[in-house]
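Shown next, in structure tokens, is the structure this report addresses.
Values below: every heavy atom of this structure, side chains too, minus hydrogens, waters and symmetry copies. Both counts, for ligands and for their atoms, begin at 1 and track the order of listing. What you see is a predicted model, and the numbers here were worked out from it, not measured in a lab.
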Amino acid sequence: MLIWNSKAECDNRDDRKVQQLYNLKKLVRHVYETIPFYKTKFDEVGVKPDDIQSMADIAKLPFTSKDELRETYPYGLLAVDEKEIVEIHTSSGTTGTPVLAAYTEADMDMWSEVTARCLCMAGGTPDDVVQNAYGYGMFTGGLGVHYGSHKLGCNTIPAASGNTKRQLLLMRDFKSTILTCTPSYSLYMAEVAREIGIDFKELSLKAGIFGAEPWSDNMRKEIEQKLNLKAFDIYGLTEIVGPGVSAECEAHNGLHVNEDHFYPEIINPDTGEVLPEGEKGELVFTTITREGTPIIRYRTRDITWLWHDECPCGRTTVKMHRLLGRTDDMMILRGVNIFPSQIENVLMRIEETEPHYQIVIDRGDSHLDEVELQVEVEPSFFTDETKSLERIKNKISAEIKQELGISMMIKLVEPKSIARSEGKAKRVMDKRKL
Ligand code: DLL
């Protein structure tokens, strides 16, 4: 098996720590001296760059949150001159203030490097044909994997997501050997393949690298069986770099974190205390080598745990368990990150509705997320007249599509029919069996 960068990935752990500490110190000093946001935050807790003398000292630094990234949008956290930025991406939720990731030339090299490592972990070599069906554009999935595939020297098919029949024909005609897309999209492909009479056993796929949304071992089995390939998990987030933060190797026992670039910690989400290896909690990352928009102790809200083992693949990097959930109410629908508050904002603007709603998510026969939004009609607009109700439904549907970029089925319900809660309202019913 090819290891893309055996020096970095199979390094002696103590040597790696020395390099991590060097990079952390450099980063902390740089952001303290150049970014007022960080200077203020460090001063507030009384920490100076010189206080960082070991990796454990990272716990002295304050966390960074998604809200803070939004507040400083667009360029408040830029650590270099704007002229040095060669590419930007934003988070996949389509509206509201986005979260920005800005890359310098060196950041782009690093990003290609880490995604090339992930492709290698799934058995990729320069002989492979990578069909990349992640979305291209502001979303990091498409381009991030694309750069890694180039770096590795694979023949890269930038198929992007959608246009599924063409996707399958490309796969057949170009003999794609590696498929990259969201796990739910891969199952949808299997469905369409059956309809148009394409048998995956006659295709050339050997591996699929799936991520950007939660999935389970059961789903892995189903994908492997239906697409006749080995399925690998890949994780990442816009704020840190995009795909390439971590991925599974052929051992399929945890995701190797590219920790020479992204230093992980697990914290107790309620107290912020750093938890020992093996304990479950919220994943926090510090981007110790990023130039454009480096982040100190970013709270991902993703739940997992970290451990070291002697992996048969030879890599010594720390592993993270596949994600177990989130500490907030973010949903990922068809690969788009959505918060219930965004739906609430839309409903607040529509006078015919009450802000009482419930979101029911399921996966239909097509394996794609189907979302039903149940909304209470404002009493004075409630009527038996189908035409008026239809008009309200269409209005909500159009506003949701415009604001969030995804379609939802709208079901209008009678005033006061959605259960009221005395505590935290349970807005989301997720019936997906992942
Ligand atoms: O989803 C980056 C990505 C693209 C990762 C392609 C893998 C493949 P965002 O849109 O910023 O970035 O969403 C990040 O998605 O915090 C997780 O909650 C979730 N997520 C990403 N990968 C996985 C995964 C991209 N493998 C958010 N399993 C993260 C479960 C995942 N959830």
Side-chain angles (χ1 to χ4, degrees), residues 64-66 69-70 88-96 98-101 103 111 114-115 117-119 121-122 130 132-149 158 160-161 178-186 208-217 219-220 223 231-248 252 254-258 262 264 269 282-285 287 293 295 298-304 319-339 369 404-406 430 432 434:
T64 307
S65 70
K66 202 191 239 330
L69 299 192
R70 291 204 168 111
I88 56 165
H89 285 270
T90 55
S91 51
S92 61
T94 52
T95 53
V99 165
L100 175 94
Y103 306 73
W111 195 15
V114 292
T115 42
R117 287 184 197 174
C118 296
L119 286 161
M121 284 191 225
V130 174
N132 186 15
Y134 283 113
Y136 278 65
M138 297 309 281
F139 176 53
T140 53
L143 283 165
V145 170
H146 185 99
Y147 298 134
S149 173
S161 56
I178 297 182
L179 172 66
T180 56
C181 63
T182 58
S184 54
Y185 189 45
S186 76
I209 307 178
F210 306 116
E213 63 181 12
W215 57 309
S216 61
D217 271 330
M219 206 163 151
R220 185 208 300 276
I223 295 173
F232 295 81
D233 199 356
I234 182 167
Y235 167 82
L237 60 164
T238 316
E239 297 87 322
I240 300 307
V241 79
V245 172
S246 64
E248 274 179 337
H252 291 292
L255 290 82
H256 288 278
V257 180
N258 284 311
F262 320 113
E282 181 180 338
L283 185 59
V284 167
F285 278 110
T287 59
T293 40
I295 305 194
Y298 181 66
R299 291 189 62 159
T300 64
R301 301 280 173 190
D302 289 324
I303 301 171
T304 182
K319 285 179 168 181
M320 60 180 257
H321 190 270
R322 73 159 15 155
L323 290 197
L324 298 163
R326 291 191 48 93
T327 65
D328 61 10
D329 53 6
M330 187 179 91
M331 305 169 274
I332 305 184
L333 301 176
R334 299 195 173 197
V336 179
N337 301 354
I338 288 176
F339 289 92
D369 297 334
L404 306 177
I406 65 163
D430 199 339
R432 290 177 291 189
L434 298 177

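- Heavy-atom proximity to Asp233, at under 4.0 Å, picks out these atoms of ligand 1: 24 (C), 26 (N).
- For ligand 1, the atoms sitting less than 4.0 Å from at least one non-hydrogen atom of Arg326 are 16 (O), 18 (O), numbered in the order shown with element in parentheses.
- Only the side chain of Leu323 comes within 4.0 Å of ligand 1, counting heavy atoms alone; its backbone N, CA, C and O stay farther away.
- Counting the atoms of ligand 1 from 1 in the order shown, those under 4.0 Å from a heavy atom of Ile332 are 15 (O), 18 (O), 19 (C).
- The heavy atom nearest to atom 30 (C) of ligand 1, considering only Glu213, His89, Met320, Glu248, is found in Glu213.
- Here the side chain of Asn132 pairs a donor or acceptor atom with the backbone of Gly142 at under 3.5 angstrom.
- Although no hydrogens or angles enter the test, the distance criterion places no donor-acceptor pair under 3.5 Å between the side chain of Ser246 and the main chain of Leu255.
- With hydrogens and angles disregarded, no donor-acceptor distance shorter than 3.5 Å links the side chain of Thr287 to the backbone of Ile240.
- Classification of the Tyr103-Trp111 ring pair by plane angle, with boundaries at 30° and 60°, yields parallel.
- Close N/O approach between Ala212 and ligand 1 is found [any backbone or side-chain N/O within under 3.5 Å].
- Ligand-side atoms of ligand 1 in range of Gly211: 7 (C), 8 (C), 26 (N), range being under 4.0 angstrom from any heavy atom.
- For ligand 1, the polar-atom distance check against Thr300 finds no nitrogen or oxygen pair separated by under 3.5 Å.
- Each of the atoms 6 (C), 8 (C) of ligand 1 lies under 4.0 Å from some heavy atom of Tyr134.
- Of the listed options Thr238, Thr90, Thr140, Thr238 places a heavy atom closest to atom 9 (P) of ligand 1.
- For Arg117 (side chain) and Ala247 (main-chain N/O), no donor-acceptor pair under 3.5 Å exists by modelled atom type.
- Screening Val336, Asn337, Leu323, Ile332 for a side-chain contact (heavy atoms from CB on, under 4.5 Å) with Glu213, the sole residue that qualifies is Ile332.
- Considering backbone and side-chain atoms together, Pro243 places no N or O closer than 3.5 Å to any N or O of ligand 1.
- For the pair Ser91 (side chain) and Thr238 (backbone), a donor-acceptor distance under 3.5 Å is absent.
- Among all heavy-atom pairs drawn from Phe262 and Gly244, the shortest one is CE1-O, 3.8 Å.
- Ion pairing of Arg220 with Asp233 is absent here, as no side-chain N (NZ or NE/NH1/NH2) approaches a carboxylate O to less than 4.0 Å.
- Ligand 1 lies out of reach of Ser91, whose nearest heavy atom is not under 4.0 Å from it.
- The distance criterion of under 3.5 Å between nitrogen or oxygen atoms is met by Asp302 with respect to ligand 1.
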